[in-house]
Amino acid sequence: MTPTLPRQPNRACADTRRTAYAEAVAAVATDTGTSGTAAPGAVTSRTAAPGAVTLGEHVGGQLRRLCGAAGFTAGGRYPGDALTDLLDLLGPVARRPLAAGPPSPSFVCDDHSPVEFSLSFPAAGSPAVRVLVEPGCGATSLADNGRLGMRALEALAARHGFSTEPVRRVEDLFLPPAIQGSFALWCAMDLRRDGPPGIKVYVNPQAHGPDRSADVVREALTRSGFGRAWPALREGALSRGHGKDVILFVALDLGRWQAPRLKVYVAHHGATAAQVRAVSRLMPGGRAEDVDEFCRAVGGDPGHFTRRPLVSCLSYTAHDLERPSGHTLHVPVRDYVPDDAVALGRATAVLRHHRTDTDTEANVDTEAGVGAVGRALAAMTPRRASDGVGLITYVSLVRSRRQPPRVTVYFSPEAYGVRPPRVAERPLPADTDSHRCRTAG
């Protein structure tokens, strides 16, 4: 049965939301201190000569260097084609000087950079480069953001010859005339050495309001052929109740994929490693213990992850219409380390454990903790890893029923600011209330 989605809000409510978003855009652009969805902890603004560097130049240079760090050969289709796609997706915002500040309160990165990079390490072979973009980041309302995003997606589809039908099929669910939530549409490219990129589109299940996100996702699953998957997803991934297990994103694969996926992302606020391990058991087969071990290795085993939450991603394909064919655990390492040097060490350790950081042809000294992630870090920024925290944002373990596990490391462009290292928390005095909440640094 098709759920009854909420009525469209009246014009006054819609105008209020548009005004609030526009004010947030203005506040971020003028650096008034308003912080859209950035994580707790101050972000130090980047200083640059007026007009010295544009957003497109900044992220374009990072993309070129990252492709080099990942071993993309010179003279191939990358990074040239990928750079063209990246700049086309950003549109006019690519020409905006960094000194002007972020164009909007983008939810992609803590400093509102509308781009994110990642390296995905398979069990054997070279890493894959991925780049995520918010195409509508220059808009002054989420509705316009979504429209610009769809327009950019259609242009990318025409360029590479893929269909946007999977997104159009659920467009009314995720891109209503008045959008609620933190974002409208993101587009990601999985760069491939032997052909056009794989495309992923991320949409907002809270577009009709957080109370309707479950209905929206259930209907999206049904329209995409996975309606029978909803009961197990609800019971296995959303069992802790409202406000604790929250549906964040839905992602759709477009273009050339062996098995196109529909992915559902769930944030587990205040969860333990054992609780996310239980969610991973929704995927038949595999070692659920790997999830527990990975979570503790990357997150440092704080018990309950009370800063930024752990995130589960459940992937559905035509191979199984009721159970996920894949599960990914995303650990927000930046909120559980003092600086990026520690994050680099943890990422390198789990890569070594999963036998993915073995790039001996490039004379990489993995025992010294460098490896491909170290090269990527150097490609992203000239600063020392110990001078900030948040360049490495997430480290994730990807498990699939048909492939060995792989590890993915995510990077912020730090286009607009760098979070200073986190000062070690002092122990509470003996007479201090033991139930006092700690704040993230």
Side-chain angles (χ1 to χ4, degrees), residues 120-123 205 213-214 217-218 220-222 224-253 258-306 308-333 336 346 350-351 353-356 394-408:
S120 182
F121 295 82
S213 60
V217 171
R218 181 176 60 183
L221 287 168
T222 299
S224 301
F226 303 110
R228 288 183 292 170
W230 173 251
L233 188 157
R234 180 189 59 210
E235 295 301 321
L238 305 173
S239 61
R240 295 190 308 137
H242 180 73
K244 293 183 177 180
D245 295 320
V246 178
I247 304 174
L248 284 181
F249 320 125
V250 169
L252 300 157
D253 285 346
Q258 278 189 328
R261 301 159 298 176
L262 183 151
K263 301 192 292 183
V264 180
Y265 291 75
V266 180
H268 306 292
H269 292 273
T272 64
Q275 287 171 324
V276 295
R277 178 184 62 195
V279 175
S280 75
R281 290 198 175 102
L282 280 169
M283 185 191 80
R287 278 175 39 89
E289 294 77 9
D290 288 347
V291 172
D292 198 331
E293 295 169 1
F294 183 88
C295 184
R296 297 177 191 277
V298 176
D301 194 13
H304 290 268
F305 285 77
T306 56
R308 200 181 306 257
L310 302 169
V311 177
S312 291
C313 171
L314 302 166
S315 301
Y316 297 90
T317 70
H319 295 304
D320 191 334
L321 301 181
E322 295 186 17
R323 293 280 180 172
S325 299
H327 170 270
T328 301
L329 171 66
H330 297 272
V331 181
V333 63
Y336 298 94
R346 292 185 186 178
V350 294
L351 283 167
H353 176 74
H354 288 275
R355 298 182 180 181
T356 55
Y394 283 88
V395 182
S396 67
L397 178 65
V398 185
R399 299 161 61 248
S400 170
R401 292 165 63 179
R402 297 177 178 271
Q403 296 178 342
R406 67 180 187 272
V407 173
T408 303

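Side-chain atoms are counted along with the backbone in the values below, which use heavy atoms only and exclude waters and symmetry mates. Numbers for residues simply follow the sequence, beginning at 1.
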S.K.: Which atom pair, heavy atoms only, marks the closest approach of Cys295 to Leu329?
M.R.: CB-CD2, 3.7 Å
S.K.: Measure the spacing between CZ of Arg402 and OG1 of Thr317 and express it to the nearest 0.5 Å.
M.R.: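 Reported value, rounded in 0.5 Å steps: 6.5 Å.
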S.K.: Of all heavy-atom pairs between Ser312 and His327, which one has the smallest distance, and what is that distance?
M.R.: OG-NE2, 3.5 Å
S.K.: Would you check if Phe121 and His354 make a side-chain contact, meaning some heavy-atom pair closer than 4.5 Å?
M.R.: no
S.K.: Checking Thr408 now: which residues fulfil side-chain hydrogen bond (donor to acceptor under 3.5 Å, both in side chains) with it, not counting sequence neighbours?
M.R.: Ser120
S.K.: Within this structure, what is the NZ-CG distance for the pair Lys244 and Leu238, rounded to the nearest 0.5 Å?
M.R.: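 Answer for the NZ-CG pair, Lys244 versus Leu238, is 13.5 Å.
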S.K.: Distance-only, no hydrogens or angles: does the Asp301 side chain make a donor-acceptor pair with backbone N or O of Arg296 under 3.5 Å?
M.R.: no
S.K.: Can you name the nearest heavy-atom pair linking Ala271 to Arg240, along with the distance?
M.R.: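 In this case the closest contact between Ala271 and Arg240 is CB-NH2, 3.8 Å.
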S.K.: Would you give me the side-chain donor-acceptor pairs under 3.5 Å for residues 228-237, sequence neighbours excluded?
M.R.:
unit_1	atom_1	unit_2	atom_2	d
Arg228	NH1	Glu322	OE2	3.2

S.K.: In Å, rounded to the nearest 0.5 Å, how long is the span from CE of Met283 to OG of Ser315?
M.R.: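 Rounded to the nearest 0.5 Å, the CE-OG separation comes to 9.5 Å.
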S.K.: Do you know which two heavy atoms are closest between Pro205 and Leu248, and how far apart they sit?
M.R.: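 So the two residues come closest at CD-O, 3.1 Å.
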S.K.: What distance separates Leu310 CG from His268 NE2, expressed to the nearest 0.5 Å?
M.R.: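 The NE2 atom of His268 is 7.5 Å from CG of Leu310, to the nearest 0.5 Å.
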S.K.: Might you work through the side-chain contact (heavy atoms from CB on, under 4.5 Å) test for Val250 and Lys263, ending with a clear yes or no?
M.R.: CA-CA 6 Å; Val250 169; Lys263 301 192 292 183; over 6 Å; no
S.K.: Nearest 0.5 Å, what's the CG-CZ distance between Leu351 and Arg346?
M.R.: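 Interatomic distance, Leu351 CG to Arg346 CZ, rounded to 0.5 Å: 14.5 Å.
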S.K.: Could you walk me through whether Phe305 and Gln275 pass the side-chain contact (heavy atoms from CB on, under 4.5 Å) test, one step at a time?
M.R.: CA-CA 11 Å; Phe305 285 77; Gln275 287 171 324; over 6 Å; no
S.K.: Hey, does Val266 have a side-chain heavy atom less than 4.5 Å from the side chain of Val279?
M.R.: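 They are not in side-chain contact.
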S.K.: Tell me if the CD atom of Glu289 is crowded by more than 12 foreign heavy atoms within 6.0 Å.
M.R.: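 Yes.
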S.K.: Charged N to carboxylate O below 4.0 Å: is that the case for Arg287 and Asp290?
M.R.: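 Salt bridge between Arg287 and Asp290, a charged N being under 4.0 Å from a carboxylate O: yes.
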S.K.: If you look at every heavy atom in Ser325 and His319, which pair is closest and at what distance?
M.R.: OG-CB, 4.1 Å
S.K.: How close do Arg399 and Gly285 get, counting heavy atoms only, and between which atoms?
M.R.: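 Heavy atoms only, the tightest pair is NH2-O, 3.7 Å.
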S.K.: Applying ring pair (Phe, Tyr, Trp, His ring centres under 6.0 Å), name anything that partners Tyr265, two or more places apart in sequence or on another chain.
M.R.: Tyr202, Phe249, His330
S.K.: State the CG-CG distance between Leu221 and Leu262, to the nearest 0.5 angstrom.
M.R.: 5.5 Å
